[in-house]
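Down below is the structure, laid out as structure tokens.
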Amino acid sequence: METMLITGANRGLGLEWVRQLDAAGWRVHATYRDPAKAEGLFAIAKKSHGRVVPHQLDVTDFTAIDRLSVTLKDEAIDVLNNNAGILPARKKFGQTDYDEWARIMRNNLFSYMKMAEAFVEQIARSRRKMILCMTSGLSSLSAAGSRGTASKFGDGKHVYRTTKCAVNMLAINLAGYLAERGVIALSVTPGWANTEMGRADLDPGYSPDDLVDPVKSVEGMRRIIATATIEDSGRLMRWDGSTLPF
Ligand SMILES: NC(=O)c1ccc[n+]([C@@H]2O[C@H](COP(=O)([O-])OP(=O)(O)OC[C@H]3O[C@@H](n4cnc5c(N)ncnc54)[C@H](OP(=O)(O)O)[C@@H]3O)[C@@H](O)[C@H]2O)c1
């Protein structure tokens, strides 16, 4: 049985991953931070005959990450899916909140490395040996985004953009560090998806109907994990398998 460890799995794309992998017979270690917001996850877990296992985890609590690694010490984890993330409110030039920026860096970036360092043994002993880092089309240095004129550099999203741009560099480094152990590290963008985060980022003139269906997004990313090889390690990919330029 294949196993994924996924963070931020109580809603949005994370919960869709759990739904699809449960239906496909995977074992899923699915983390959430607030039980009051995890009813959907608990409901899937309850019907899964023990294959979907919820774990409470705030990814900014690195001691808790170490504790979870001890709990799962005997597991083989085919895919670590670093999915939890925050999109902060837009801030104009001159209004940057530096404490918030540091907090979001820890949330969106440092936690991805901490998860990789904490779970590398479980990943390396698995069959697929894969680390997914959820990034964004907004991470690209050479393409402002995929929304035509609505997406341009200087759009008040420098905090989010820098965390995700750094995620891409982190994945390349993970690819380098872990190549000898056969571990594949990928940055993957789920597309502008119809989740709370995606809807919170609607530009004028756009509606939720313009966003990628989370079902389609996760189906696409599942095709990536089914086909990626060590030669792909370090790549920056869109959910549909195409390459996003760095
Ligand atoms: N939706 C998009 O258009 C889009 C586009 C590009 C990239 N992405 C990326 O895709 C990933 C999933 O996005 P989404 O659309 O599913 O977002 P979402 O609907 O806002 O869900 C975010 C998830 O991350 C969790 N999370 C955030 N910080 C956490 C922390 N410190 N500890 C534990 N869990 C934490 C949230 O938990 P709570 O419920 O407790 O808050 C929630 O489960 C993110 O990395 C995001 O940046 C999304």
Side-chain angles (χ1 to χ4, degrees), residues 5-20 28-42 44 54-65 68 80-89 100 102-112 114-115 118 131-140 143-147 150-151 157 159-168 170-171 186-203 206-218 220-221 224 236-240 244:
L5 167 61
I6 178 166
T7 59
N10 58 298
R11 62 185 170 93
L13 292 160
L15 186 59
E16 183 54 32
W17 273 104
V18 176
R19 273 197 202 101
Q20 291 193 23
V28 188
H29 292 288
T31 82
Y32 65 95
R33 61 177 162 180
D34 181 355
K37 292 201 280 181
E39 281 168 15
L41 173 61
F42 296 155
I44 296 173
H55 302 272
Q56 191 164 17
L57 179 72
D58 182 327
V59 297
T60 63
D61 182 346
F62 294 175
T63 307
I65 290 177
L68 183 60
L80 163 63
N81 189 338
N82 273 322
N83 170 74
I86 290 179
L87 171 71
E100 178 191 55
R103 193 170 57 77
I104 305 284
M105 275 288 180
R106 185 177 177 91
N107 202 105
N108 289 6
L109 174 68
F110 302 166
S111 71
Y112 285 18
K114 179 63 196 175
M115 288 293 293
I131 300 174
L132 294 186
C133 294
M134 285 304 121
T135 186
S136 163
L138 298 170
S139 70
S140 174
S146 55
R147 307 179 199 176
S151 189
K157 290 189 267 195
V159 169
Y160 183 72
R161 282 179 183 276
T162 53
T163 65
K164 293 297 187 180
C165 185
V167 161
N168 302 343
L170 175 65
L186 296 171
S187 300
V188 181
T189 169
W192 189 15
N194 192 353
T195 63
E196 280 180 50
M197 184 184 292
R199 290 188 294 275
D201 196 32
L202 277 178
D203 293 300
Y206 286 81
S207 82
D209 293 341
D210 297 314
L211 308 186
V212 180
D213 180 351
V215 175
K216 294 262 176 324
S217 171
V218 173
M221 292 190 281
I224 291 174
L236 171 54
M237 301 174 82
R238 297 188 186 90
W239 63 278
D240 62 3
L244 178 68

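Note that ligands are numbered from 1 as they come in the structure, with each ligand's atoms numbered from 1 the same way. Computed from heavy atoms alone, side chains included, the values below leave out hydrogens, waters and symmetry copies. In this chain, numbering begins with 1 at the start of the sequence shown.
Few gaps surround CD on Gln56; more than 12 heavy atoms of other groups in view lie less than 6.0 Å from it.
Between Thr189 and ligand 1, no N or O atom pair is found at a separation short of 3.5 Å. Geometrically, ligand 1 and Asp34 share no nitrogen or oxygen pair separated by less than 3.5 Å. At least one N/O-N/O distance between Val59 and ligand 1 falls below 3.5 Å. Between Ser136 and ligand 1, no N or O atom pair is found at a separation short of 3.5 Å. Inclusion of Gly8 in the set of residues having an N or O under 3.5 Å from an N or O of ligand 1 is warranted. Checking only distances, Tyr160 does come within under 3.5 Å of ligand 1, N or O to N or O.
Only backbone heavy atoms of Thr135 (N, CA, C or O) come within less than 4.0 Å of ligand 1; its side chain stays farther off. The proximity of Asn107 to ligand 1, defined as any non-hydrogen pair under 4.0 Å, is limited to the side chain. Residue Tyr112 touches ligand 1 through its side chain alone, judged by heavy-atom distances below 4.0 Å. Under 4.0 Å from ligand 1, the heavy atoms of Leu57 that appear belong solely to its backbone. Residue contacts with ligand 1, taken as heavy atom pairs separated by less than 4.0 Å, involve Pro190 solely via side-chain atoms from C-beta onward. Under 4.0 angstrom from ligand 1, the non-hydrogen atoms of Met197 come from both its backbone and its side chain.
For the side-chain contact (heavy atoms from CB on, under 4.5 Å) with Ile104, the lone residue among Leu87, Val159, Thr162 that qualifies is Val159.
Between Tyr32 and Phe42, the distance from one ring center to the other falls under 6.0 angstrom.
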